[in-house]
Number of protein chains: 2
Amino acid sequence: MAPKKIDGERRGRGRPPSFDRAQALCAAMRLFWDRGYEGTSFDDLTAAMGISPSSFYNAFGSKEQLYQEATDAYLKATGAWFLDILHGKADTRTIFQRLMTAAATEFTRADLPAGCMISVSGTQCAPGQARLRDLMARQRALSEAAMADRLRQGVADGDLPADTDVDGLAAFFSSLARGMAVQARDGASREKLLEIGRIGMQAWPAGR
Amino acid sequence: MAPKKIDGERRGRGRPPSFDRAQALCAAMRLFWDRGYEGTSFDDLTAAMGISPSSFYNAFGSKEQLYQEATDAYLKATGAWFLDILHGKADTRTIFQRLMTAAATEFTRADLPAGCMISVSGTQCAPGQARLRDLMARQRALSEAAMADRLRQGVADGDLPADTDVDGLAAFFSSLARGMAVQARDGASREKLLEIGRIGMQAWPAGR
DNA sequence: GGATTTATGGAGCGATGGCACCAAAAAAAA
DNA sequence: TTTTTTTTGGTGCCATCGCTCCATAAATCC
């Protein structure tokens, strides 16, 4: 196949890649998102990415390294709405209201796999995949910690009572979102998820 | 190895099994629960069950059939607390309060794998495992429907306002429990899960 | 005891999974 | 043009996976 000119970037020495790395990474991400790490085979990946095993190995190192890159890509692209909303300008309750609504909407997009790649990945796996399991658990912990931070700010801003259990509340919303992700993967409708989020907001502490 | 007398039951004709079927099934259930279907290999299973491939095949048919049996065993034994509480005698709010508390407790037992086998299994898998994915999704749907039924009864009993969205509320508690299961698999403490459940109960509809 | 029935141990097998290697191709640099 | 650097296609490889087969062992039935 004739190598295509990808773009006008300053190129290094050797033969140029015949594929768009970012695009291939995106294809891999969708596969991993939908099928999980163990459910996605090397052949599945090379087929979806449109590259040969050698190109795969050359460009991404290994299946495991690719998975890590795919996770990063997910967080920076598809999962960006989370931090965007969390760090947006609004009172704390509104922020979490938006998070629930966005989760319902994003988890049921027609153009992407259902649910959330972070929420449901690596919860069960072979002992040999411990590194990946820990990677996903760490990402879940980071999301939850970001929620807790925003809630702490809410307490400081007077949006929440001073005695609010911010860690507990973060764990609650975090759990609810993960449960919504499972629902989405089971085919739940956007309306159903919106309702779950709406009910979840009823647990918001009294005091404002 | 000399075959052991398992019990005094009326025995059929041929050679008696050298292992306790229920016990082997339990061992398999724990493995599946902890590692998932794809994360558990045939060798892992035969080793944990203490039987040879031929005995395995003879007694359980295939890995997939064993998984189905293991799921049944989970529901009938380990997951029995769910229906026990749901069908217990108490007002509706108390029932759901108990469910949340029991989920927190059961998901963090020292003598069993963390979390819930139903909640987190088969959310991501290879296309070839579609049957198992659907099986787990169906079980999740059944649990949720059982919750909805109990809530409907609550409305009939006057425990809940007549305009309560029982399906939505069931979906909410269902999602929360699944999120708690993910938390448990990530190593969350019993106290943390209890707190999540406590906060979740704050979403209980007003009116009693 | 012999026939029949069921379970066992152990070896092996076809398919798949995840790479690994290598000669050739296509670019920049000299 | 030659050299150097990087990517590619294709093939091969070794381990694992999930069985499968078969000769043998241990029970009941006649």
Side-chain angles (χ1 to χ4, degrees), chain A residues 1-21 23-25 28 31-32 35-68 70 125-129 131-132, chain B residues 1-25 28 31-32 35-70 125-129 131-132:
Chain A
M1 181 194 299
K4 308 157 195 167
K5 303 247 169 179
I6 297 302
D7 50 34
E9 294 279 315
R10 255 281 137 286
R11 304 220 39 277
R13 230 140 106 99
R15 174 174 176 173
S18 65
F19 65 97
D20 184 334
R21 196 178 188 284
Q23 199 171 305
L25 180 59
L31 266 189
F32 280 135
R35 307 181 181 182
Y37 182 76
E38 290 171 321
T40 309
S41 76
F42 199 84
D43 285 357
D44 291 338
L45 288 168
T46 53
M49 300 163 85
I51 63 179
S52 68
S54 42
S55 294
F56 179 98
Y57 187 68
N58 181 60
F60 298 103
S62 71
K63 187 185 169 187
E64 183 172 339
Q65 283 178 255
L66 174 63
Y67 188 80
Q68 300 206 25
C125 62
Q129 314 300 338
R131 273 215 306 282
L132 289 181
Chain B
M1 182 191 300
K4 311 159 195 165
K5 304 244 169 182
I6 298 301
D7 51 34
E9 294 280 316
R10 257 279 143 284
R11 304 223 43 277
R13 227 141 106 103
R15 174 174 176 174
S18 65
F19 64 97
D20 183 335
R21 196 179 187 283
Q23 199 171 304
L25 181 58
L31 266 190
F32 281 136
R35 307 181 181 182
Y37 182 77
E38 291 171 321
T40 308
S41 76
F42 200 83
D43 285 356
D44 291 338
L45 288 167
T46 53
M49 299 164 85
I51 63 178
S52 69
S54 43
S55 294
F56 179 98
Y57 188 68
N58 181 60
F60 299 103
S62 69
K63 187 186 170 188
E64 183 172 340
Q65 283 178 256
L66 174 61
Y67 188 80
Q68 300 205 25
E69 273 202 62
C125 61
Q129 314 300 339
R131 272 215 308 281
L132 289 182

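Chain identifiers are assigned alphabetically (A, B, ...) following the order of the sequence lines, protein sequences preceding nucleic acid strands; residue numbering begins at 1 within each chain.
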Distance in angstrom units between A:Phe56 CZ and D:dT8 C1', rounded: 15 Å
Strand-adjacent residues in residues 36-51 of chain B, judged by heavy atoms under 4.0 Å from DNA chain C: none
Which residues share a side chain to side chain contact (heavy atoms under 4.5 Å, CB included) with B:Gln23, sequence neighbours left out: B:Asp20
Distance, rounded to the nearest Å, where A:Glu64 contributes CD and C:dG17 contributes P: 18 Å
Atom-to-atom span, CZ of A:Arg15 to P of D:dT7 - whole angstrom: 10 Å
Atom-pair distance (CD on A:Gln129; P on C:dG17), nearest Å: 14 Å
Under 3.5 Å, N/O pairs linking protein and nucleotides 21-23 of chain D:
none

Residue list, side chain to side chain contact (heavy atoms under 4.5 Å, CB included) with A:Ser54, at least two apart or on another chain: A:Ser52
Donor-acceptor pair present, A:Arg13 side chain and C:dA27 base, under 3.5 Å: no
Nearest-Å distance for atom pair CG/P, residues A:Asn58 and C:dA24: 19 Å
Side-chain donor-acceptor distances from residues 41-50 of chain B under 3.5 Å, at least two apart:
from    : atom 1 : to      : atom 2 : distance (Å)
B:Ser41 : OG     : B:Asp43 : N      : 3.4
B:Ser41 : OG     : B:Asp44 : N      : 3.1
B:Ser41 : OG     : B:Asp44 : OD1    : 3.4
B:Ser41 : OG     : B:Asp44 : OD2    : 3.1
B:Asp44 : OD2    : B:Arg35 : NH1    : 3.2
B:Asp44 : OD2    : B:Ser41 : N      : 3.1
B:Thr46 : OG1    : B:Phe42 : O      : 3.3
B:Thr46 : OG1    : B:Asp43 : O      : 3.1

For A:Glu64, all residues meeting side chain to side chain donor-acceptor pair (under 3.5 Å), sequence neighbours excluded: A:Arg131
Those residues that, when tested against B:Glu38, pass salt bridge (charged side-chain N to carboxylate O under 4.0 Å, His left out) (two or more places apart): none
Spacing between B:Phe60 atom CZ and C:dT6 atom P, to the nearest angstrom: 17 Å
